[in-house]
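I have placed the structure first, in the form of structure tokens, so that the comments after it can refer back to it.
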Amino acid sequence: MEKVLSQKFYDKMSKLEQRYPIRNALILPALHAAQEEFGWLPKEAMDEVAVFIGVHPAQIREVASFYTMYNLSPVGEKHLKICTNVSCMLRGAYDLVTHCEKKLQIKTGETTVDGKFTLSEEECLGACGTAPAMMVNDDYHENLSIERINQILEGRAP
Amino acid sequence: MNTLFVQHFGNDENRKLSYYTAQMMGYQAARRAILEMKPEQIIEDVKKSSIRGRGGAGFPTGMKWGFLPKESAKPKYLVCNADESEPGTFKDRDIIRYTPHLLIEGMIIGSYAIGCTHAYIYIRGEYTREAKILQEAIDEAYKNGFLGKGIFNSSFNLDVTLHRGAGAYICGEETALLNSLEGKRGEPRVKPPFPALVGAFSCPTAVNNVETIATVPHILNRGAEWYAKLGRIEKSGGTRLMSVSGHVKNPGVYEVEAGSITLRQLIEDHAGGCWKDKKIKAVIPGGSSAPVLTADEIDVVLDIEPFQKIGTMMGSGAVMVCDEDTDMVQLIWRITKFYAHESCGQCTPCREGCHWMEAILHRILHGAGAEKDLDMLLDIANNIGGKTLCALGDAAAGPVISFVKKFRTEFESYIRGQKKYA
């Protein structure tokens, strides 16, 4: 099997190895590190994680599919995850979702044809005091408004 | 009003060790604990402080620590639950952002008290920025000899490892968290055995919330009696960090002495009251899992027991305020959709029931509901609550029951076609 994960991945893992009494505890950190390299988790990457940990590939798939942060299919360059849970909903999150759908001409859960944006609804991000909030890839954006969303979509956001 | 946390929030500079040692008696409590106190004394002090767990269940922390076996052939673990995911809760995030060393010092004291030499902090995956801040603080603590080998030149060693989750509400449930830490799906375990005997890596383990652990240095510095007396109700000491959000003028984290004010006072005097000069219709008082209160029920004293007495719960201290224009049917549909999405799928009543409830609420909202739907909702909810391995089932059922009972006419106007979903 040809390796797809970088040396950086293996360096990171060898530092972490000594911090856990069992090897399987590395599965979540390994999936995070693998996703960092591709933006999602291709089958080859998950299979290599399985070999590295020493478990059956199905066990990795089983874990990866449980958690929402692991992308099992490719996502756009900017993955917009708008929280629509209680506090964000109360402060207009669904208006933001509708606005993004119109502006990007996609439905929630879809990616634009040019591969630039994926739009998702997200569960509570723990940013209720600064609602509405969303994540773009790994970053939080809070106190959102339509204008602020436009800035982010048009790449004008600081 | 005494506060332990909020005066340090809001300024990024405060997260540094220099601020912590200069302004917050940084690491003095840990030093005294390790050099001058026996582990049992610390557990006794935490018991005397009457602190109850701040994650949601409100279990007395000292008692929890006391459940771990004193002698154990296996290693023992302290695991900090930083998987803050209960909708409406954002207080732990502020503790990590502005006072990370307080949490680390609490971990040191807690680990020494229960006999742990490697502790874990399980932080929700979405908190990437907070994880970075916390890791920097951990590194700083290692560099200054507060973590590692021979802490304060004693024989006590401690490692702290930060472990990131990957997006799953259920991992806030302590046994699901432990499974997740072990690299499994975050499915809650059958209890007993409880984590105190069989926890992380099959070893005795204490799992505590961020706020709970970060309070321990305060208890040692100021004294257990002092801390206990901050609370107005017996057996519930200290202050509470309240996350207030929704339709209020000033959403944010507020700190109050437990039981010293009412829920209404928190909303009106601290969070500025309802926004846009509107009236309050309802308040969800303890995270989305807490049964809803109507506006005339919020003169309740802000503490665990008074909330229980009126059929709701304080949970993680997350207060979500709804103004007079809030669509309660849409709101409970959204809450139920959340539980349907987050159910781990192990227990049939929760896995199936949450989706059924969501589907029924969806059809009511979209004009296809029938009168019998409301009784059916109550029937399903009553067959989820108390019939699942973990509390997620109860968390999904309680709100549905309370919304239907307290706002029945709103559901009926949808069912009778008098109201349409905008």
Checking side chain to side chain contact (heavy atoms under 4.5 Å, CB included) for the pair A:Phe66/B:Cys344: CA distance, chi angles, key distance, verdict? CA-CA 8 Å; A:Phe66 187 83; B:Cys344 82; 4.0 Å; yes

For [X], is it the side chain, the backbone, both or neither that has a heavy atom under 4.5 Å from a heavy atom of chain A?
X	value
B:His341	side chain
B:Val253	neither
B:Arg334	side chain
B:Thr161	both
B:Tyr77	side chain
B:Leu162	backbone
B:Val160	backbone
B:Tyr169	neither
B:Phe338	both
B:Leu181	both

Which heavy atom of A:Val86 sits nearest to which heavy atom of B:Ser288, and what is that distance?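 In this case the closest contact between A:Val86 and B:Ser288 is CG2-CB, 4.4 Å.
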
Heavy atoms only: give me the nearest A:Ser65-B:Arg185 pair and the separation to one decimal. OG-NH1, 3.6 Å

Any chance [atom1] of [X] has more than 12 other-residue heavy atoms, nucleotides or ligands included, within less than 6.0 Å?
X	atom1	value
A:Lys8	NZ	no
A:Glu147	CD	yes
A:Lys116	NZ	no

Should B:Arg129 and A:Asp138 count as side-chain neighbours, where that means a heavy-atom distance under 4.5 Å? no

Are the side chains of B:Cys322 and A:Leu90 in contact, using a 4.5 Å heavy-atom criterion? yes

A:Tyr20-B:His118 aromatic ring centre distance below 6.0 Å: no

Would you mind telling me which of [options] has the largest number of heavy-atom pairs within less than 4.5 Å of chain A?
options	value
B:Ala271, B:Gly246, B:Ala168, B:Gly345	B:Gly246
B:Ser243, B:Pro75, B:Ser85, B:Gly165	B:Gly165
B:Gly252, B:Gly88, B:Gly186, B:Ala200	B:Gly186
B:His247, B:Glu86, B:Glu187, B:Glu84	B:His247

Residue pair A:Glu62, B:Lys184: steps toward the side chain to side chain contact (heavy atoms under 4.5 Å, CB included) verdict: CA-CA 8 Å; A:Glu62 165 188 299; B:Lys184 299 175 187 155; over 6 Å; no

Audit row: A:Asn24, B:Glu182, side chain to side chain contact (heavy atoms under 4.5 Å, CB included) steps and yes/no: CA-CA 6 Å; A:Asn24 283 9; B:Glu182 293 179 9; over 6 Å; no

Just checking, is any N or O donor in the side chain of B:Ser180 or A:Tyr67 under 3.5 Å from an acceptor N or O on the other one? yes

Which bit of A:Ala131 is near chain B, if near means a heavy-atom gap under 4.5 Å: side chain, backbone, both or neither?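 It is neither, since no heavy atom gets under 4.5 Å.
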
Distance in Å, [X] [atom1] paired with [Y] [atom2], rounded so as to fall on 0.5 Å steps:
X	Y	atom1	atom2	answer
A:Leu125	B:Phe90	CG	CZ	13.0 Å
A:Asn85	B:Met320	CG	CE	7.5 Å
A:Cys124	B:Ile335	SG	CD1	11.5 Å
B:Thr128	A:His32	OG1	NE2	10.0 Å

Between B:Lys337 and A:Glu123, is there a salt bridge with N-O shorter than 4.0 Å? no

Under-4.0 Å salt bridge between B:Arg93 and A:Glu142: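 Yes.
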
Mind jotting down which residue pairs meet the salt bridge (charged side-chain N to carboxylate O under 4.0 Å, His left out) criterion with at least one end in residues 14-31 of chain A? Sequence neighbours excluded, please.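 Sorted result for residues 14-31 of chain A: A:Glu17-A:Arg23, A:Arg19-B:Asp159.
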
Pairs of heavy atoms under 4.5 Å with chain B: top-ranked of A:Leu31, A:Thr68, A:Asp139: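 Of the candidates given, the most pairs with chain B belong to A:Thr68.
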
Top residue by heavy-atom pair count (under 4.5 Å) with chain B, among A:Gln35, A:Gln59, A:Met135, A:Arg91?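 Ranked by heavy-atom pairs under 4.5 Å with chain B, first place is A:Arg91.
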
Audit row: A:Met69, B:Arg164, side chain to side chain contact (heavy atoms under 4.5 Å, CB included) steps and yes/no: CA-CA 11 Å; A:Met69 285 181 75; B:Arg164 286 180 63 211; 3.9 Å; yes

